Amino acid sequence: MLYNPQEIEPRLQEYWREKKVYKVDNDSSRRKFYVLDMFPYPSGAGLHVGHPLGYIASDIYSRYKRLRGFNVLHPMGYDAYGLPAEQYAIQTGQHPEKTTVDNINRYRSQLEKIGFSYDWSRELRTCDPKYYKWTQWAFKRMFESYYDTAADAARPISELVAHLEAHGTEGLHAAGSRDLEFTAAEWKAMDAKQRSEALMNWRIAYLGNSMVNWCPALGTVLANDEVSEGLSIRGGFPVEQKVMYQWCLRVSAYAGRLLEGLERLDWTDSLKETQRNWIGRSEGAEMHFAVDGSDVVLDIFTTRADTVFGVTFMVLAPESEYVDKVTTPERREAVRAYVEATKRKTERERMIDKKVSGEFTGAYAINPLNGKRVPVYVSDYVLAGYGTGAIMAVPAHDSRDYAFARHFDLPIIPLIEGVDVSEQSFDAKTGKVTNSCGPDLDLNGMEVKDAIAAAKRYIEEKGIGRVKVNYRLRDAIFSRQRYWGEPFPVYYKDGIPYMLDDSQLPLLLPEISSYKPSPDGEPPLARAENWQTAEGYRLELNTMPGFAGSSAYYLRYMDPHNNEALVGKEVNEYWRDVDLYIGGTEHATGHLIYSRFWNKFLYDLGAVVEDEPFRKLVNQGMIQGRSNFVYRIKNTNTFVSADMREAYDTTPIHVDVNIVSNDVLDTEAFRAWRPEYADAEFVLNAEDKYLCGWAVEKMSKSMFNVVNPDDIVERYGADTLRLYEMFLGPLEQSKPWDTNGIDGVNRFLKKFWGLYFKGDTLLVNDAEPTAENMRSLHKLIKKVTSDIEGFSFNTSVAAFMICVNELTQQHCTSRKVLEPLAVLLSPFAPHIAEELWHIALGHGSDDSIVAAQWPELDESYLVESSVNYAVSFNGKTRFSMAMPADADAKDVEQTVLTSEQAARWIEGKTIRKVIVVPGKIVNVVLG
RNA sequence: GCCCAGGUGGCGGAAUGGUAGACGCGCUCGUUUCAGGUGCGAGUGCUGAGAGGCGUGCAGGUUCGAGUCCUGUUCUGGGCACCA
């Protein structure tokens, strides 16, 4: 019987399906373990070999944990809403659901061929109404909640309303968009619409005017993490800044907890650092600068309270509401023109254009520390969205202020002793303060750090401002002008938004005739007929963004068919959180922030028991493509081998990697590849081969370097694919896919099979294993166990290869070795292990290897037999010690120990360890 | 500019501070075969006839001993960025 993966793999997959061996129970006396993959967006291109990398790793870990006796939850599903299906729908008219379902089916069949141990009965898709009911439900709860900053938790909005009724905004602890102030009487005097608008200031899901990333080409707004360098991540279209009235989530209220929660997580430092960066905590002070001759007060935020004596001007963001309030009549026209001009620029244009620009508003502000009048400017280098949208400018110690001051010829006052600001600003927070003495505050002579603290204290005492922590993290814009997303459970009555009743959820996505925006520029849902409540009220036309459905999906897997709750209480108390989450770093500032926020909100609500969703997170690296090139001699149809091309003037051309093997081109296949190459000529190298050049690039169709896992499975089998992906290198590292070398892994599996069968002869018997056999086995148990725990799968594959070579040489046929060996391999190569379990080890069809026990390590097999040697130098015997049996006693005497130096340091000390090279000692370790 | 990773043979990559290059690919030689392929055996960092010498981006340091720890530097990959 030869190893025949093409025959055994589909059969065993069917066997697992039929026996439901991967079905997981929610109540078990066994300890739980939850292993999760970041679920994929099913794209039209299908899976390439890079996608399963993380899935294979998590599958190995799941299978390992199962063999260790854990009840393992290991599910899979699909992030089904997304732009590509909608873009495709706009181009072709095909319903995005059809596209999505087709893609899902393709993914599913590709995944099944690889032999994952998913419990498919828990499969979910975000576009399923039974699922998005709970996305809508959570949104609704966010609308009905506010963030209590004193309790540091979300609370029902009704509690806030009660407070407003009793005390107005007096003594209110709530995270708000702006600082609103009104009395209880004023609240009571408001009409329904005014109240609704006021409450939006505090709701966790709120409608607000906010600066959004508007992408005209996609016709929708985008979240910050969907934009990079002023271009949309999907498609690379320019993005503009625009104020829009949109649904938002008050993620910023959770900034502190999102930051602090990172401490308790077992994530890589770099990922935590990226999140800290994104959350961007900065401690500083908010200060009030009165505008001379007006009752307007400019609030600014600064981290450098020590530099207030160096303020020589103020700057407002063009979008700041202060601009209109402070601009004097004679400057109004110039300021208006400037604001208009910046509005027309996209964010990208603003960033590329580093030229200093701005306009004087005509107003002067009063420095609260020394009473000096300073001019107020407007300039686009100040961001509206951060802090208060206004800054105090200290040109001596901020490079941006410095550039502005130079351009407008404004004074620059150095505040640190001995620094030269004639060429550039001094931005470092070090040195001794000077020029900083006002009527009641003297910072001169202090270190910057102390000066900041002293200035903050003074500001608080005098009521000039307050100490404040600012976060860079913004609220998430939650509306998309799209069709293919979750509808909001929202309707409008007299211009006021209301939530549908829970009994009306899910609100189904309606059918529409065209997926383009409506003729009057409204989102596609405006085309839906009867898109209204039973009472005839208009429903929300926007849909939710992609991250809505992916924020709480891990909870749904625990209890996927529950129609009463997102997740049942008892079930949630059992599964709690994800013990191991595997996915790419590209979600560091998107999904992994939103999901933590969403979970924390549900935790505040009492809907889930854990405050953090993902205990341990491992980032798998990306698999890049390895492209091949042929070299065409210019103006000919002749191609020259890569090692011969020096002599010619050539153009490199991408060639399909599937017709190249070990960088050698199949020239016949190349002629057949495309019509224009049908009569191609070749200049071959000395070995009569056509050698291709290669480069590491992104895996993509246009580079002809996409490798489909189906092809690998068909040719070598899923077990070879699984092992090879792991063998390629460390899991966390990005690396190019290179099919060269896969033969080695395939050979290993054949050898592995060869331990159990020689031709048709079964080799396994009940012979007692030799000490050598047991040593080989237990070396492997030790190595593989610690490697799996440490996610070092590449080295465990190598350990298998060594072990199988040893056992083959030892002619080991003992069941006592070969049975645990199959169990050890089963997480990595489940098909071959399961097949041998049945046909070579004699287990019946009711006994799957999945239910076996992970072999126990017996260290006693690993102890090397040893012999006592005397170590001597300078003719005197000094030590007696144990050494491996293969050390040669004669040579032991000629060691480093004979040197003068060794004699000095070794005397009177205890020896802990002796390092022996066969034949001689190289070193002695002291204890 | 700031913050992370990381530089080891022809290649992917191994090395609790203790024989650097495990394992695999590739390559060389032998063997099996009519032959190609496969299988099997031996070899494969550089240098040297050999003993040996030199080797983990570069320069220092700690240590009996450094790829590993420390300082500086340089290059590569990734993230963030008018964030006051």
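Residue numbers start from 1 in every chain, and the chains themselves are labelled A, B, ... in the order their sequence lines are given, proteins ahead of strands. Values in this document were obtained by computation on a predicted structure and should not be read as measured data. All values below were derived from every heavy atom in this structure, side-chain atoms included, with hydrogens, water molecules and symmetry-related copies excluded.
Of the residues listed (A/Asn746, A/Asp743, A/Thr739), the one engaging A/Tyr716 in a side-chain hydrogen bond (donor to acceptor under 3.5 Å, both in side chains) is A/Asp743, and it is the only one. Tested against A/Lys468, the residues A/Lys456, A/Glu283, A/Glu286 include a single side chain to side chain contact (heavy atoms under 4.5 Å, CB included) partner, A/Glu286.
Within the structure, salt bridge (charged side-chain N to carboxylate O under 4.0 Å, His left out) contacts touching residues 784-795 of chain A (residues at least two apart or in different chains) are A/Lys783-A/Asp787.
For A/Trp278 and B/G78, the CH2 to P distance is 18 Å, given to the nearest whole Å. Spacing between atom CG of A/Leu271 and atom C1' of B/C4 amounts to 11 Å, rounded to whole angstrom units. If you take CG of A/Asp380 and P of B/A84, they are 18 Å apart, rounded to a whole angstrom. Distance NZ (A/Lys779) to P (B/C23): 11 Å, rounded to an integer number of Å. B/A84 atom P lies 12 Å from atom CG of A/Asp401, rounded to whole Å. For A/Phe426 and B/A84, the CZ to C1' distance is 17 Å, given to the nearest whole Å. As rounded to whole Å, 11 Å separates atom C1' of B/C83 from atom CG of A/Asp398. Going from atom CG of A/Asp743 over to atom P of B/G37 covers 13 Å, rounded to whole Å.
Using a 4.0 Å heavy-atom criterion, one finds that A/Arg276 contacts no nucleic acid atom at all. Nucleic acid contact for A/Lys272: none, since no nucleic acid atom lies under 4.0 Å from a heavy atom of the residue. As judged by a 4.0 angstrom heavy-atom cut-off over every strand, A/Ile391 is placed among the base-contacting residues. Counting non-hydrogen atoms under 4.0 angstrom, A/Thr585 reaches nothing in the nucleic acid.
Put simply, the side chain of A/Glu725 reaches to within 4.5 Å of the side chain of A/Trp737, judged on heavy atoms. Side-chain contact between A/Ser641 and A/Tyr690: present, with at least one pair of heavy atoms (C-beta onward) separated by less than 4.5 Å.
A gap of 30 Å separates the C1' atoms of B/C46 and B/C40, to the nearest Å. Rounded to the nearest Å, the gap between the P atom of B/C82 and that of B/U74 is 26 Å. Comparing the same atom, P, in B/A84 and in B/G61 gives a spacing of 41 Å after rounding to whole Å. B/C4 and B/C69: their P atoms are spaced 16 Å apart (whole Å). Comparing B/G65 with B/U76, their C1' atoms are spaced 31 Å from each other, to the whole Å. Nucleotides B/U44 and B/G37 are separated by 24 Å at their C1' atoms, to the nearest Å. B/G67 sits 5 Å from B/U56 when the C1' atoms are compared, rounded to a whole Å. Distance noted for atom C1' between B/U38 and B/G17: 45 Å (whole Å).
Between the side chain of A/Tyr322 and the main chain of A/Asp299, a donor-acceptor pair closer than 3.5 Å is present.
Residue A/Asn805 places its side chain closer to B/G24 than to any other of B/G24, B/C83, B/C25.
B/G61 takes the anti form, because its glycosidic angle lies more than 90° either side of 0.
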Under the side chain to side chain donor-acceptor pair (under 3.5 Å) criterion, do A/Ser252 and A/Asp475 qualify, and how do the steps go?
CA-CA 5 Å; A/Ser252 62; A/Asp475 287 349; 2.5 Å; yes
Would you please test A/Ser399 and A/Asp427 for side chain to side chain donor-acceptor pair (under 3.5 Å) and show each step?
CA-CA 7 Å; A/Ser399 53; A/Asp427 291 15; 3.3 Å; yes
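The residue among A/Thr303 and A/Ser270 whose nearest nucleotide of RNA chain B is located toward the 5' end is A/Ser270. Residue A/Glu273 is the one, among A/Glu273 and A/Ile802, whose nearest nucleotide of RNA chain B lies closer to the 5' end (criterion: closest heavy atom).
Contact between the side-chain N/O atoms of A/Arg472 and the OP1/OP2 oxygens of B/C80 is not found at any separation under 4.0 Å. In this structure, A/Tyr471 does not reach the B/C83 phosphate: none of its side-chain N or O atoms is under 4.0 Å from OP1 or OP2. Between A/Arg747 and B/G39 there is a side-chain N or O to OP1 or OP2 distance below 4.0 Å. Look at A/Thr589 and you won't find any side-chain N or O under 4.0 angstrom from OP1 or OP2 of B/G79.
A cation-pi arrangement is absent between A/Arg596 and A/Trp278 under the rule of less than 6.0 angstrom and at most 45 degrees off the ring axis.
Taking 3.5 Å as the limit, the base of B/C83 and the side chain of A/Arg474 contain a donor-acceptor pair of atoms between them.
The pair A/Glu806-A/Lys779 meets the salt-bridge criterion, since a charged nitrogen lies less than 4.0 angstrom from a carboxylate oxygen.
Aromatic rings of A/Phe752 and A/Phe800 (six-membered ring for Trp) have centroids beyond the 6.0 Å cut-off, not under it.
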List every contact pair, protein side and nucleotides 7-15 of chain B side both N or O, where the distance is under 3.5 Å.
| from | atom 1 | to | atom 2 | distance (Å) |
| --- | --- | --- | --- | --- |
| B/G12 | O2' | A/Leu728 | O | 2.6 |
| B/G13 | OP1 | A/Gln733 | OE1 | 3.1 |
| B/G13 | O3' | A/Asn794 | ND2 | 3.4 |
| B/A14 | OP1 | A/Asn794 | ND2 | 3.1 |

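Residues A/Ser357 and A/Phe404 share a closest heavy-atom pair of O-CE1, 3.5 Å.
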Dot-bracket pairing map - RNA chain B, Watson-Crick plus G-U, both contacts under 3.5 Å, | cross-strand:
(((((((..(((.....[....)))((((((.......))))))(((....)))..(((((..]....))))))))))))....
